[in-house]
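Report on one structure; see the data block that follows.
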Amino acid sequence: MTSHSSGVGRGNSMRDFLSKASSNMSDLKMKASNHSSRLSSSISGRSTTTSNVSSDELRQPMPEITRPFPVVEQPPRCILTSVSDNNIRLTSTKKGLVDITSSRGDKELFLLIPAVKTCNDEGDAKKKKDVYYLKSYKFNRYLTSDSETGEVSTVKISAEINNNVENNDEEEEEEKKKDWVAAAKAKAESALADNSPTKSELGDTEQWLLMRSPHGGHFLVSVKNELNIATCSRTSNDGEGRRITTNSVGLKGANSVEESWDVEFVSGELCFMSSSPSTSSEESTKQIRCDLLGKCSLTSEKRGWEVWRFVEMGGGKVRIVSWMHSQFCIACNHEGKVSTIGIGKAEEGCDEWTVEKAPEGCTGVVIKSVACARRMLCRREGGGLSTMQEFEGDCGVWQLDAAHSQVYTLTSFHHMRSIGPFPYVTENMKQSDQFVLQMIDEDGTVRLYHKSNGLYLGSNEDGDVECITVSDNDDNESSTELWTMEQAIDGGYTFRSKTHGGLLSFSNDEINPKLCTVTAMTDDKREVWSINPLLPRAISSGKIKTFAIGTSVAVGTTVAMPFLMAGMLAVVPAEATLAASVMAAGLTGAEAIASVGAIGVTAAIVFREDNDTIGIESEHEENDEGKDYTKRPLCAWRSW
C-alpha cells in the first residue's frame with residue numbers, strides 16, 4: 001500500500017515537472033519571438049511597409065569600392081645591418097643585452113616608432129623629425145644607451161612599478177610553499193625570469209636620430225648622448241693567459257664606417273596578387289599562392305597563403321614576400337627564370353620588382369624584374385610563374401587588392417566592446433559584426449555596409465541606429481546612411497551623421513548596451529571607435545594557425561585622399577608569437593604613425609605630414625617622381 005502511494009506521488013511530481021517545463025518553454029519561445037521582431041524592425045529599411053518583405057529580399061549587394069584603403073604594417077619593422085660588414089646585424093636578448101650576430105630572425109627585428117613631442121597649447125601632439133624609438137619586436141624592450149659606460153642595451157617600460165605585490169597575501173604564499181609541485185614551478189620560473197631594470201616611462205635616452213652616413217646607410221645617434229651605435233672590438237683574457245678579441249656593440253663619435261647601418265625594412269603593404277583573365281575566357285580570377293615549401297601556384301582561394309607583402313626597397317622597387325611564409329620571396333634570375341628564394345639569398349637586384357599600370361585596354365598592373373632587363377612576371381599554363389620579354393596580353397596582367405578586402409570590425413577605443421550582434425555591442429569579440437567601409441568623397445564621408453545583413457548602417461534624429469537600404473537616387477544631403485569619419489585627438493575615430501550630426505555611440509547599459517547616436521561626446525568617450533582590418537586566415541587545416549609578422553597592421557590612405565587613416569589597426573596581442581591568431585585592437589597614439597598619405601615617390605620608407613618628412617628620406621632619382629612605378633598605395637592602381 002505504501003509502495004503504491006509512493007508511485008502515485010512520484011507520478012504526480014513528474015507531471016508537475018513536465019507542466020512547468022512546458023510553461024517555461026512557451027515563455028522562452030514568446031521572448032525569442034519578441035526579440036526576433038525587434039531585430040526585424042531594426043533592419044526594416046526606410047520604408048514603413050516592410051512587414052511582408054523578408055530580410056533576404058532587402059539585402060543589397062556589396063558596395064563598389066572606388067577608393068580602397070590599403071593595409072600597411074605599422075609600426076614598420078626593420079633589420080639593422082652594419083655597412084662595414086653585411087654579415088653583421090644588431091640583435092638583442094630577453095635580459096637586455098645588445099650584441100651583433102650573423103643571424104636573421106625575430107631577435108634581429110626592431111620596430112621603428114616615431115617619438116612624439118609634448119602637446120602644444122591646442123592639445124596636438126607633434127612628431128619629432130627623424131627621431132624614433134627602436135623597440136625589440138621579439139622582447140618588447142626599447143633600445144637605450146649609457147654614455148658613461150659606452151654600453152648599448154634594451155630596457156623594459158612599465159607604467160607602474162609595484163615591488164610590494166608579492167607581500168600582499170602572505171597566507172597564499174605559505175600555501176604555495178606547502179605544494180612542492182607549485183614550489184618547483186615557481187623556482188623554475190624565477191630562474192628564467194627577466195630581472196633586468198625597468199623604467200616607468202620612455203625618455204630621451206631611448207630616442208634615436210637617424211642621420212645619413214657618408215659611408216652609406218645611416219648613423220643611429222643617441223639623442224641624449226649624441227653618440228652613434230658602432231661595432232667595436234673588445235679584447236679579454238680567456239683565463240689561460242690568452243687574449244681573445246671579439247666583436248660587440250658600443251657608442252662612438254668618430255662618424256666612421258663602423259658606425260653606419262643599413263636600415264632594411266621587412267614590413268610593407270599586404271595585397272592579394274590576382275591574375276587578370278581574358279575577357280573572352282570563362283576562367284575565373286585566381287590568386288598566387290605560396291605553400292610551406294615556397295612553391296607558387298594559382299588558386300581561387302583568398303586566405304593567408306595568398307597574401308603577399310610588398311616591401312619598399314627604395315627608388316620605386318619592391319620585394320614581394322609571402323606573408324604567411326616570410327622566408328620566401330619571388331625572384332627572377334638573369335635568364336628570366338622565376339623562383340621563390342630565401343630572403344637575402346638572391347643575387348643583387350634579382351628579388352626586386354617594379355609595379356606599373358598595364359597598357360591601355362588591360363585592367364591591372366604589370367610587374368617587371370629590375371635585374372633581368374625588365375622582364376614581366378606572368379602566369380604559365382598549368383599554374384606557376386614565369387616571365388616574358390615582351391608584353392603578350394592578359395597572362396602578364398595582375399590585379400593587386402588589399403588583403404583585408406575592405407572588411408573591418410568596429411570596437412570601442414576606450415571600452416572592451418565590439419559592435420555585434422547588431423544592434424548591440426558585446427564584450428565577446430567572437431561575436432563582432434563585419435563591416436565594409438566605403439569612402440564616398442575626399443572629405444571623410446563614408447558608408448558602413450553591414451556584411452551579414454546586406455544593408456547599410458543608418459540613423460535618425462531620435463538617436464536610433466538601424467540597418468537600412470540605399471538607393472542610387474538618394475540625395476546625399478538627406479541620406480541617413482552617410483557618416484563623416486574624423487580622427488579623435490587621443491586616437492581612434494568618430495562617426496558623425498551627415499544629416500543630423502549625431503555621433504555613433506552605444507547606450508550606457510551594462511547588460512545589453514545598444515547602438516545609438518548622441519549629440520555630443522560623453523565623459524567616458526563611448527563615441528570613439530577603433531577600425532580594425534579583418535585579415536584572412538590560413539588554410540582550413542586546424543593545425544596551421546594564422547599569424548601576422550608584426551605587432552600591428554595599419555590602414556593607410558589612398559593616393560588621392562589626404563584624409564588620415566593610419567590609426568586603423570589590427571594589433572597582435574602582446575603575448576602573441578609568430579603563430580598567434582590575428583586579433584583586432586587599437587594602437588596608442590604614441591605608437592601611431594602618420595598617414596602613408598599621397599606618396600609621389602617611394603622609398604625604403606617615407607611618411608609625410610604637412611610636407612614635412614618624418615621618416616627616412618628616399619634614395620630616388622628626381623626624375624622618378626610621378627612615374628607609375630613610384631605611385632602608392634599599390635591597391636589603388638585603378639586610380640593611377
Side-chain angles (χ1 to χ4, degrees), residues 34-48 50-51 53 55 58-60 62-63 407-429 431-440 444-471 474-486 488 492-522 524-532 584:
N34 293 337
H35 180 68
S36 177
S37 298
R38 288 195 300 271
L39 287 179
S40 298
S41 64
S42 70
I43 61 172
S44 60
R46 294 175 182 167
S47 174
T48 58
T50 56
S51 57
V53 181
S55 58
L58 287 173
R59 289 186 63 88
Q60 294 189 287
M62 291 268 289
V407 179
Y408 304 84
T409 60
L410 299 184
T411 55
S412 173
F413 190 79
H414 297 284
H415 305 270
M416 289 297 295
R417 292 186 181 276
S418 174
I419 296 181
F422 184 85
Y424 301 98
V425 296
T426 178
E427 294 179 346
N428 186 353
M429 297 300 167
Q431 293 184 340
S432 299
D433 287 346
Q434 298 178 14
F435 294 89
V436 175
L437 186 63
Q438 182 189 22
M439 182 62 65
I440 304 301
T445 303
V446 299
R447 286 192 180 108
L448 290 167
Y449 175 83
H450 193 286
K451 195 174 177 184
S452 61
N453 287 342
L455 299 170
Y456 292 83
L457 215 63
S459 63
N460 58 34
E461 294 181 355
D462 296 329
D464 300 321
V465 176
E466 305 171 322
C467 277
I468 63 176
T469 58
V470 172
S471 171
D474 287 343
D475 181 10
N476 283 348
E477 296 298 325
S478 60
S479 297
T480 59
E481 85 287 351
L482 294 179
W483 306 84
T484 299
M485 185 168 64
E486 296 177 338
Y493 293 85
T494 60
F495 293 89
R496 185 181 297 275
S497 171
K498 290 277 287 187
T499 55
H500 57 79
L503 288 169
L504 183 65
S505 182
F506 57 93
S507 59
N508 190 16
D509 185 344
E510 290 297 326
I511 300 176
N512 286 316
K514 186 177 180 181
L515 286 175
C516 62
T517 60
V518 295
T519 56
M521 184 79 68
T522 56
D524 55 359
K525 299 181 179 180
R526 298 192 303 274
E527 297 71 36
V528 183
W529 302 90
S530 294
I531 307 171
N532 315 297

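Along the sequence shown, the residues carry numbers beginning at 1. Any value given below was found using the heavy atoms of this structure, including those in side chains, with hydrogens, waters and symmetry copies removed.
Expressed to the nearest 0.5 Å, how far CG of Leu515 lies from CD1 of Ile419 amounts to 4.5 Å. In this structure, CE on Met521 lies 8.0 Å from CZ on Arg496, to the nearest 0.5 angstrom. Annotation: the span from Ser497 atom OG to Glu481 atom CD amounts to 9.5 Å, rounded to 0.5 Å.
Between the Ser507 side chain and the Lys514 main chain, a donor and an acceptor come within less than 3.5 Å of each other. For Arg59 (side chain) and Ser452 (main-chain N/O), a donor-acceptor pair under 3.5 Å exists by modelled atom type. The closest donor-acceptor contact from the side chain of Trp483 to the backbone of Leu457 lies under 3.5 Å. Looking only at distances, no side-chain donor or acceptor of Gln431 sits under 3.5 Å from a matching main-chain atom of Thr426. Looking only at distances, a side-chain donor or acceptor of Arg526 sits under 3.5 Å from a matching main-chain atom of Phe506. The closest donor-acceptor contact from the side chain of Asn460 to the backbone of Asp462 lies under 3.5 Å. Using a distance-only test at 3.5 Å, with no hydrogens or angles considered, no donor-acceptor pair links the side chain of Tyr408 to the main chain of Leu448.
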>> Quick one, Leu437 with Met439, criterion side chain to side chain contact (heavy atoms under 4.5 Å, CB included). Give me CA distance, side-chain angles, the key distance, then yes/no.
In response: CA-CA 6 Å; Leu437 186 63; Met439 182 62 65; 5.8 Å; no
> For Thr409 and Asp433, what are the C-alpha separation, side-chain angles and deciding distance, and is it a side chain to side chain contact (heavy atoms under 4.5 Å, CB included)?
Replying inline: CA-CA 6 Å; Thr409 60; Asp433 287 346; over 6 Å; no
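For CD of Glu461, the number of neighbouring non-hydrogen atoms (other residues, nucleotides, ligands) closer than 6.0 Å is 12 at most. Around CE of Met416, the count of heavy atoms belonging to other residues, nucleotides or ligands within 6.0 Å does not exceed 12.
The two atoms that bring Thr499 and Ser479 nearest to each other are CG2-O, 3.2 Å, heavy atoms only. Nearest heavy atom pair, residue Val470 against residue Gln60, reads O-NE2, 2.6 Å. Contact detail for Ile468 and Gly458: the closest heavy-atom pair is CD1-CA, 3.9 Å. Considering every non-hydrogen atom in both Asp524 and His415, the closest pair reads O-NE2, 2.7 Å. For the residue pair Val425 and Trp529, the shortest heavy atom distance occurs at CG1-CH2, 4.4 Å. Smallest separation of non-hydrogen atoms from Pro63 and Val436: CG-CG1, 3.9 Å.
Using a 4.5 Å heavy-atom threshold, the side chains of Leu503 and Val518 count as touching. Between His500 and Thr480, every side-chain heavy-atom pair lies at or beyond the 4.5 Å cut-off. Using a 4.5 Å cut-off on side-chain heavy atoms (C-beta onward), Gln438 and Val446 make no contact. Side chains of Leu410 and Asn532 form no contact here, defined as non-hydrogen atoms less than 4.5 Å apart.
For His414, there are no ring pair (Phe, Tyr, Trp, His ring centres under 6.0 Å) partners two or more places apart in sequence or in a different chain. Contacts of Lys525 classified as side chain to side chain donor-acceptor pair (under 3.5 Å), with partners at least two apart in sequence or in another chain: Asp490. Phe495 meets the ring pair (Phe, Tyr, Trp, His ring centres under 6.0 Å) test with no other residue; sequence neighbours excluded.
Here the two rings, on His450 and Phe435, have centers that are under 6.0 Å apart.
Inspection of the Glu527 and Ser505 side chains reveals an N or O donor paired with an N or O acceptor under 3.5 Å.
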